[in-house]
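Remarks on the structure that follows.
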There are 2 protein chains.
Amino acid sequence: MTDQTTGSRPGGRSSRVREAVHAAVGELLAEGAERITFPVVAERAGVNPTTLYRRWSDVDALLEEVTVAALTRDGENLPDGGSLSEDLATWAETIRRDISRPARSRYLRAMVGARDGLADSCPVTDLRAEQAGRLLAAAAGRGEPVPTVEQVLDHVVSPLYYRIVFGLDVDAAHARRLTDDVLRMAT
Amino acid sequence: MTDQTTGSRPGGRSSRVREAVHAAVGELLAEGAERITFPVVAERAGVNPTTLYRRWSDVDALLEEVTVAALTRDGENLPDGGSLSEDLATWAETIRRDISRPARSRYLRAMVGARDGLADSCPVTDLRAEQAGRLLAAAAGRGEPVPTVEQVLDHVVSPLYYRIVFGLDVDAAHARRLTDDVLRMAT
DNA sequence: CTCCAAAAGCAATGAACGTTGCTTTAGAAG
DNA sequence: CTTCTAAAGCAACGTTCATTGCTTTTGGAG
């Protein structure tokens, strides 16, 4: 895997179409389109609706694919300041700013609305768990007391996403409070 | 307000229609209907679609109304066991069981999917905040150390809703862990 | 260079949705 | 009991979506 895009070769027609579709979905969500449908996405992407119907089972599948792509694209740089306290705070603030953007919060809401029943994994949660694990491992390697990954997910990640998804505002001070709180559970 | 239903008199036609519509929405969500539309709800409720279009601005408004009604209907009995630890645990378990039901989690997801932009309040959060406030006030009155309402919201309510809304399973032990965690922040 | 399979485009169709003017009915007021 | 207003029903319309058979194009293999 030497190229950033998954699937077929980057120059192929399929890849071009997929990129155009992803971009179109991104634009529509950024603009606040209330209803994402194949015909609308297709027109924006300059491709035929039939192509979308054939390639993706439904809109939810497309949305999930776009979300995962966006997540993995810019979820690689983790803070490494020195203390777990600062690293966690920086990390939480990055998440907060990320999902506070209208475009991203709409992704999330659209994804949630499309979800159904129980899934034993969720791309968002999985990524955050993996990141939290790296942060905590580094801190534990330095001999610091660390909370569990589950605690970080429950007490830092969850509140941030919860508030955003339900349309409540979150400021930086609040995010900082969350990381301070969770560190009090580290023993 | 002596009757349980809001609005017009309980015997009127409007009330009958509203109840039928609410019940229809409940049934559809319970059955896992992927798409809630006015025509579908109307047929289930035995009323004319036009009535729905005239009474509610859109499906989102109807969903929110139903959710609020369901919330206020059975959100009145709070535990009063004696210690904050037990009360919080009982309360969290009630919430967990409530929103773990497929019907209710679908309500929530549908509500989230319909939401847009920032709202400075959310019926779900408001109710939970009010309940948490009562619990904490009672404990404070008994002289117990208590966390803040915000902390309870962030560290107990948020994780529960987050996991359910994103389709992850939550068991009773997990809920209990959350309340134990938040009590360590009470000083 | 030629060939070929996979993918995208095109066109047509049926269904469901959202909306609007008009009529009818329920139920409260006098 | 009669009257009157607000709400529900009815019917029709245009729009958009989802789906399917067929044709055309792309871009890699031989």
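Lettering follows sequence order; numbering is per chain, from 1.
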- Message: Filter on salt bridge (charged side-chain N to carboxylate O under 4.0 Å, His left out), then keep only pairs touching residues 42-52 of chain A, sequence neighbours left out; what's left?
- Response: A:Glu27-A:Arg44, A:Glu31-A:Arg44
Rounded to the Å, how far apart are [X] [atom1] and [N] [atom2]?
{"X": "A:Arg16", "N": "C:dA8", "atom1": "CZ", "atom2": "P", "answer": "10 Å"}
{"X": "B:Arg55", "N": "C:dT19", "atom1": "CZ", "atom2": "C1'", "answer": "19 Å"}
{"X": "A:Leu52", "N": "C:dC10", "atom1": "CG", "atom2": "P", "answer": "13 Å"}
{"X": "B:Arg18", "N": "D:dA8", "atom1": "CZ", "atom2": "C1'", "answer": "15 Å"}
{"X": "B:Ile36", "N": "C:dA16", "atom1": "CD1", "atom2": "P", "answer": "16 Å"}

- Message: Filter on ring-ring contact (aromatic ring centres under 6.0 Å, His included), then keep only pairs touching residues 80-114 of chain B, sequence neighbours left out; what's left?
- Response: none
- Output the residues of residues 37-51 of chain B in contact with DNA chain D, where contact means a heavy atom of the residue under 4.0 Å from an atom of the strand; sort by number or write none. B:Val47, B:Asn48, B:Thr50, B:Thr51
- Query: Can a salt bridge be assigned to the pair B:Glu19 and B:Arg16 using a cut-off of 4.0 Å between side-chain N and carboxylate O?
  - Reply: no
- Answer with yes or no whether the side chains of B:Gln131 and B:Arg128 bring together a donor and an acceptor at under 3.5 Å. yes
- Query: Any side-chain donor-acceptor pair under 3.5 Å between A:Tyr162 and B:Thr125?
  - Reply: yes
Please round to the nearest 0.5 Å and tell me the distance separating atom [atom1] of [X] and atom [atom2] of [Y].
{"X": "A:Asp169", "Y": "A:His174", "atom1": "CG", "atom2": "NE2", "result": "10.5 Å"}
{"X": "B:Ile99", "Y": "B:Arg104", "atom1": "CD1", "atom2": "CZ", "result": "9.5 Å"}
{"X": "A:Leu183", "Y": "A:Leu88", "atom1": "CG", "atom2": "CG", "result": "5.5 Å"}

Can you give the donor-acceptor pairs under 3.5 Å from side chains of residues 62-69 of chain A to other protein atoms, not counting sequence neighbours?
unit_1  : atom_1 : unit_2  : atom_2 : d
A:Glu65 : OE1    : A:Trp56 : NE1    : 2.8
A:Glu65 : OE2    : A:His22 : NE2    : 2.8
A:Thr67 : OG1    : A:Leu63 : O      : 2.8

- Query: Do other residues, nucleotides or ligands put more than 12 heavy atoms under 6.0 Å from B:Arg97 CZ?
  - Reply: no
- Message: Which heavy atom of A:Val170 sits nearest to which heavy atom of A:Arg163, and what is that distance?
- Response: CG2-CB, 3.5 Å
Expected rows: protein N/O vs nucleotides 22-24 of chain D N/O, under 3.5 Å:
unit_1 : atom_1 : unit_2  : atom_2 : d
D:dC22 : N4     : A:Arg54 : NH2    : 3.1

- Query: Below 4.0 angstrom from OP1 or OP2 of C:dG18, is there any side-chain N or O of B:Tyr53?
  - Reply: yes
- Ordered by number, residues from residues 22-30 of chain A within less than 4.0 Å of DNA chain C (heavy atoms) are none
